[in-house]
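The figures here come from the full heavy-atom set of this structure, side chains too, leaving out hydrogens, waters and symmetry mates.
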Amino acid sequence: MSTTGATADPLAALGSLPGVADSVETVRKAVDRVYGHRIMRRRSTAITSEAALRGSRGSAALSGADWALEEVRRRSDFGADDEARVVGAALRLTAEAGQLLSIWRQSPLRVLARLHLVAAATDSDEVGRPRQAGEAVDEPLVELPPPSADEVSGRLEGLSELIVTGSSAPALVTAAVVHGELLALRPFVSHNGLVARAAQRIVLIGSGLDPKSVCPAEVGHAELGRAAYLAALDGYVSGTPEGMAAWIAHCGRAVELGARESTAVCEALQRGAA
């Protein structure tokens, strides 16, 4: 996303794209339904925990480890193979995201570095910093050519400036841009998809749209499917108004589906308590 131009608030300008306001309103209603559920008033902690587990499973699925929810729930060893490591990374990131809210608005680049460190869980020199010239990107599910290290550096600084400065844009728009920009840039040598979705989660929580983190967008992205996810990303990368609006709408639909998932959890808990 270009951060230059006539408007001082490019994120807010995206909110005026055709269809975006409708997506924002639909998401708000879906989130409100979850928060208004009677079970949320009594068992919000349980809903948050379940949403974290389901969100982790969804994010891992998009990164190639499509495990059944009960498999994620029962496993304790996440180092046995590549898929297990992806699931473990997703779980760690979800847990870490809630600890970084206070830092995000002051130093988003520091948060992103921390997220990559948590996801990679190694002490390699390449971990916890943006990739340098000549370093390859291991993100096989995103086939778009990765930008150069110099472009990554410049665009990360632009994204950081937008977050620190603040915007009047709806939370959905900001979250979608953070998510899309990180997927497009793939700033780290690995785990970029997982990091991008964790960053989206941080924005949705920190903005106040989903303060208890009970609307896991990762569930929705996984339900909509990898093909639709990558097609929407193509729209973001195109930079056209239509492409950007389509990506924001896709992210909005993912949040809606995440909210629907947690509403179903609330209903199940209510039936159990009846």
Side-chain angles (χ1 to χ4, degrees), residues 1-27 62-63 104 108-109 112 130-131 133 136-137 139-189 191-204 207 217-218 220-221 224-255:
M1 177 188 177
S2 172
T3 59
T4 60
T7 177
D9 190 350
L11 293 178
L14 293 176
S16 65
L17 292 174
V20 170
D22 289 341
S23 293
V24 169
E25 180 63 20
T26 301
V27 166
L62 288 167
S63 286
W104 174 254
L109 297 185
L112 294 175
R131 55 187 168 83
V137 179
E139 199 70 42
L141 299 177
V142 179
E143 297 180 352
L144 296 168
S148 68
D150 285 344
E151 183 178 351
V152 166
S153 177
R155 287 173 63 174
L156 279 179
E157 288 293 340
L159 182 63
S160 176
E161 183 179 345
L162 286 176
I163 299 302
V164 172
T165 301
S167 171
S168 62
L172 172 64
V173 172
T174 303
V177 167
V178 167
H179 185 174
E181 191 73 353
L182 293 174
L183 272 184
L185 292 179
R186 280 146 290 160
F188 303 108
V189 296
H191 299 90
N192 289 287
L194 293 172
V195 168
R197 292 183 288 275
Q200 175 185 247
R201 175 181 284 265
I202 289 172
V203 174
L204 293 173
S207 67
E218 304 96 325
H221 284 301
L224 291 167
R226 200 176 302 158
Y229 186 62
L230 296 177
L233 177 62
D234 284 344
Y236 179 87
V237 172
S238 76
T240 64
E242 297 80 8
M244 296 292 289
W247 169 252
I248 294 168
H250 185 84
C251 290
R253 181 60 178 152
V255 177

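- Atom OH of Y229 and atom CG of L62 lie 5.5 Å apart (nearest 0.5 Å).
- S63 and R197 are linked by a side-chain donor-acceptor pair at a separation below 3.5 angstrom, with hydrogens and angles left out of the test.
- Side-chain atoms of S153 do not come within 3.5 Å of backbone N or O of D150 as any donor-acceptor pair.
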Check step by step if side chain to side chain contact (heavy atoms under 4.5 Å, CB included) holds for R226 and L141.
CA-CA 9 Å; R226 200 176 302 158; L141 299 177; 3.8 Å; yes

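- Closest approach of R186 and N192 over heavy atoms only: C-OD1, 3.2 Å.
- Panel note: side chain D9, backbone S168; a donor-acceptor pair is recorded below 3.5 Å.
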Working note: L162 + V178, criterion side chain to side chain contact (heavy atoms under 4.5 Å, CB included); need CA distance, chi angles, decisive distance, verdict.
CA-CA 10 Å; L162 286 176; V178 167; over 6 Å; no

Would W104 and I163 count as a side chain to side chain contact (heavy atoms under 4.5 Å, CB included) here? Give the steps.
CA-CA 8 Å; W104 174 254; I163 299 302; 3.5 Å; yes

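- Taking 4.5 Å as the limit, some side-chain heavy atom of P108 sits within range of a side-chain heavy atom of V164.
- S160 places no side-chain N or O within 3.5 Å of a backbone atom of E157 that could act as its donor or acceptor partner.
- Y236 has its side chain within reach of E181: a pair of non-hydrogen atoms, C-beta onward, lies under 4.5 Å apart.
- The minimum heavy-atom distance linking G15 with V173 is given by the pair CA-CG2, 4.2 Å.
- Side-chain contact between V203 and Q200 is absent, with no heavy-atom pair separated by less than 4.5 Å.
- Within the 4.5 Å cutoff, the side chain of V189 has no heavy atoms near those of the V137 side chain.
- Looking at heavy atoms from C-beta onward, P146 lies out of side-chain contact with E139 at the 4.5 angstrom threshold.
- The CG atom of L156 sits 7.0 Å away from the CG atom of L182 when rounded to the nearest 0.5 Å.
- Remark: L204 CG to C251 SG distance equals 9.0 Å, nearest 0.5 Å.
- The two residues L11 and S167 have their closest heavy-atom pair at CB-OG, 3.4 Å.
- A pairwise comparison of heavy atoms in A184 and V237 identifies CB-CG2, 3.8 Å as the closest pair.
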Worked verdict on L14 versus W247 for side chain to side chain contact (heavy atoms under 4.5 Å, CB included)
CA-CA 11 Å; L14 293 176; W247 169 252; over 6 Å; no

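- In this structure the side chain of L172 reaches within 4.5 angstrom of the side chain of I248, judged on heavy atoms.
- Here the closest heavy-atom approach between residue G252 and residue V27 is recorded as O-CG2, 3.3 Å.
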Going through the checks in order, is the ring pair (Phe, Tyr, Trp, His ring centres under 6.0 Å) test met by H179 and H221?
CA-CA 12 Å; H179 185 174; H221 284 301; 5.0 Å; yes

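- For the pair L112 and A199, the tightest heavy-atom approach, listed with the atom from each and the gap, is CD2-CB, 4.1 Å.
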